[in-house]
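Here is the structure we will look at.
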2 protein chains.
Amino acid sequence: MELLLIKRKNEPFAGELALPGGYVAEGQTTTEALDKVLSRKAGLNLGQLKYLEQLYSFDTVARDPRGHAVSVTYYGIGNDLKVSYQKAGLENPEFFPINELPPLAFDHLKIVEYARQRLQSKLSYTNIAMAFMPKRFTLSQLQTLYEQIAGHPLDKRNFRKQIQAQNLIKETDEWYKEGRHRPARYYVFAKQTVQNLDF
Amino acid sequence: MELLLIKRKNEPFAGELALPGGYVAEGQTTTEALDKVLSRKAGLNLGQLKYLEQLYSFDTVARDPRGHAVSVTYYGIGNDLKVSYQKAGLENPEFFPINELPPLAFDHLKIVEYARQRLQSKLSYTNIAMAFMPKRFTLSQLQTLYEQIAGHPLDKRNFRKQIQAQNLIKETDEWYKEGRHRPARYYVFAKQTVQNLDF
DNA sequence: GCAAAAGTGTTACATCTACACCCATGA
DNA sequence: TCATGGGTGTAGATGTAACACTTTTGC
């Protein structure tokens with residue numbers, strides 16, 4: 001599991017790694033601004049994300065030396081995201097493994113931790129896991145995801161029972177046949193949209 | 001359980017009931033603005049609240065004809081709150097039973113419903129209930145609160161078992177002796193602060 | 001044939017749910 | 001004495017947690 005960071009071009013914290021961010025223009029919604037910032041600075045498109053949720057709004061008066069009023073933060077999830085490095089003006093977007101993050105500018109690490117926490121609790125009562133998965137996947141892949149978010153290993157048999165009991169996934173007749181071991185059955189999610197309980 | 005509403009003085013929706021709101025001045029945090037708005041328009045003080053949490057940030061470009069950028073919303077909880085009607089400039093703040101709300105301006109009803117939902121889920125994994133209760137209370141009073149938020153009746157014995165198992169409350173040697181029936185034991189919360197998992 | 005990951009059931013234990021009666025008081 | 005809300009336990013069902021071996025494949 002990886003997190004997209006950019007290398008800041010401007011002060012403060014120029015040259016340091018940070019979450020991508022930018023300004024909201026007059027008459028623009030925060031999600032419109034998000035879309036623009038994402039594509040301009042990070043080479044990603046909102047449409048590539050399978051899930052997007054508002055995280056929190058921070059008062060930046062105290063946090064940011066430039067003294068702006070509010071930072072509305074979002075977190076998004078996608079599978080097999082590729083940044084388009086060709087674009088001009090990008091701030092070197094790069095994915096970093098979530099468990100070995102480099103030092104971040106501002107208090108962005110706290111924000112990341114908060115998002116992680118939120119994600120973890122959402123896993124238990126939504127099908128948000130879907131947003132991380134490709135169209136078809138094996139149960140081991142799914143379990144690995146859950147373990148990454150939970151931060152500890154899970155029992156294979158119990159995990160499979162629980163997942164199957166939720167009716168979120170359906171088995172297919174396709175098989176993953178890599179490596180010198182028994183093939184694994186591919187599964188797909190039963191509902192093709194991620195629930196979003198927010199506005 | 002009651003919700004504080006004001007009667008709007010200004011357009012749009014002048015004369016209609018709404019959640020109290022206002023502007024954030026340059027260099028001000030949203031909570032500072034909240035404090036000012038509360039006391040100026042609603043005759044309440046942030047300090048009277050036992051719990052405060054950011055609810056959501058709405059893009060008001062579309063929602064509000066005045067075309068402002070973002071509304072950062074908060075919800076707060078207190079016990080035995082009294083508005084100071086004496087203050088000048090108040091917009092007729094009044095408490096309304098949460099289950100019989102009048103029509104509201106803007107889409108404030110949706111916001112209220114969202115807050116309710118959030119509150120309900122928080123009850124299960126925090127001691128947020130505390131914020132609604134006076135210092136000492138009977139188990140029946142507490143159960144009534146939980147039933148109001150849940151929207152359905154709860155089993156008395158199961159409720160008591162669950163509550164006691166959480167170690168959130170302690171019994172006292174004091175008794176509530178009103179009415180012609182057996183007195184009820186007063187309880188207090190074990191921890192005197194409400195957990196706030198947010199920033 | 002062996003290494004590697006896939007797949008599969010059962011039992012003990014904890015938790016949750018449904019349910020009915022006696023108690024202490026004031027009028 | 002009676003009406004009112006306070007207070008208590010148990011049994012069945014459900015859910016959770018712990019645990020080990022066989023299967024299929026590529027090399």
Side-chain angles (χ1 to χ4, degrees), chain A residues 1 120-129 132-190, chain B residues 1 120-127 129-130 132-190:
Chain A
M1 199 152 100
Q120 193 168 334
S121 69
K122 286 226 158 176
L123 264 189
S124 59
Y125 61 93
T126 69
N127 64 347
I128 195 175
F132 287 96
M133 287 281 132
K135 256 171 239 136
R136 58 182 198 171
F137 51 87
T138 69
L139 290 183
S140 296
Q141 287 167 356
L142 189 62
Q143 182 173 345
T144 300
L145 167 67
Y146 273 75
E147 288 174 337
Q148 278 182 293
I149 299 172
H152 58 86
L154 301 172
D155 179 85
K156 186 159 51 157
R157 279 170 293 190
N158 292 338
F159 174 77
R160 288 169 185 234
K161 263 177 294 181
Q162 286 163 13
I163 289 291
Q164 312 253 24
Q166 292 178 260
N167 290 325
L168 290 178
I169 62 172
K170 286 188 306 205
E171 67 175 37
T172 68
D173 291 331
E174 299 169 307
W175 300 85
Y176 172 77
K177 294 180 191 161
E178 302 286 311
R180 52 176 194 167
H181 53 77
R182 181 170 173 178
R185 188 185 285 276
Y186 273 124
Y187 287 76
V188 295
F189 281 97
Chain B
M1 199 152 99
Q120 193 169 335
S121 70
K122 287 228 157 175
L123 262 189
S124 59
Y125 61 93
T126 68
N127 64 347
M130 220 176 119
F132 288 97
M133 286 282 132
K135 258 171 237 138
R136 57 183 199 171
F137 51 86
T138 69
L139 290 182
S140 296
Q141 288 167 354
L142 189 62
Q143 182 173 345
T144 300
L145 167 67
Y146 273 75
E147 288 175 337
Q148 279 182 293
I149 299 172
H152 59 86
L154 302 171
D155 179 84
K156 186 160 49 158
R157 278 171 295 191
N158 292 338
F159 174 77
R160 286 166 187 236
K161 263 178 294 182
Q162 286 162 13
I163 290 291
Q164 312 254 23
Q166 292 177 260
N167 289 326
L168 290 178
I169 62 171
K170 286 188 307 204
E171 66 175 38
T172 67
D173 291 330
E174 298 169 307
W175 300 85
Y176 172 77
K177 294 179 189 159
E178 302 286 311
R180 50 177 198 166
H181 53 77
R182 180 171 173 175
R185 188 184 286 275
Y186 272 124
Y187 287 76
V188 295
F189 282 97

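Because only heavy atoms are used, hydrogens play no part in the values below, and waters and symmetry mates are left out as well, while side chains stay in.
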**Study point:** Check: A:Tyr176 ring centre within less than 6.0 Å of A:Phe137 ring centre
**Key:** no
Here the distance between atom C1' of D:dC21 and atom NZ of A:Lys156, to the nearest Å, is 11 Å
Practice prompt. Would you mind classifying the nucleic acid contact of A:Thr138 as base, sugar-phosphate or nothing, using non-hydrogen atoms under 4.0 angstrom?
Written response: nothing
What's A:Arg185 touching, base or sugar-phosphate or nothing? Going by heavy atoms closer than 4.0 Å.
sugar-phosphate
Protein-nucleic acid N or O pairs under 3.5 Å, nucleotides 24-27 of chain D:
| residue | atom | partner | partner atom | Å |
| --- | --- | --- | --- | --- |
| D:dT24 | O2 | A:Arg182 | N | 2.7 |
| D:dT25 | O2 | A:Arg180 | O | 3.2 |
| D:dT25 | O2 | A:His181 | N | 3.1 |

From CD1 of A:Ile163 across to P of D:dA17 the rounded distance in Å is 14 Å
Between CD of A:Gln164 and C1' of D:dG15 the distance, given in whole Å, is 17 Å
When A:Ala184 and B:Asn158 are each assigned the nearest nucleotide of DNA chain C, the 5'-most assignment goes to A:Ala184
Picking from D:dC19, D:dG9, D:dG6, the nucleotide nearest the side-chain atoms of A:Asp155 would be D:dC19
Residue pairs passing the salt bridge (charged side-chain N to carboxylate O under 4.0 Å, His left out) test with at least one member in residues 136-154 of chain B, sequence neighbours excluded, are B:Arg136-B:Glu174
Atom CD of B:Gln143 and atom P of D:dT8 are separated, to the nearest Å, by 13 Å
note: B:Gln141, atom CD; D:dG5, atom P; distance rounded to Å ~ 13 Å
Check your understanding: Does any non-hydrogen side-chain atom of B:Tyr187 lie less than 4.5 Å from one of B:Gln141?
Key -> no
Footprint ends on DNA chain C, 5' to 3', for atoms under 4.0 angstrom from a heavy atom of chain B, come out as C:dT17 to C:dA27
Rounded to whole Å, the NE2-C1' distance (A:His152 to D:dA17) equals 13 Å
A:Trp175 CH2 to D:dT23 P, in whole Å, measures 15 Å
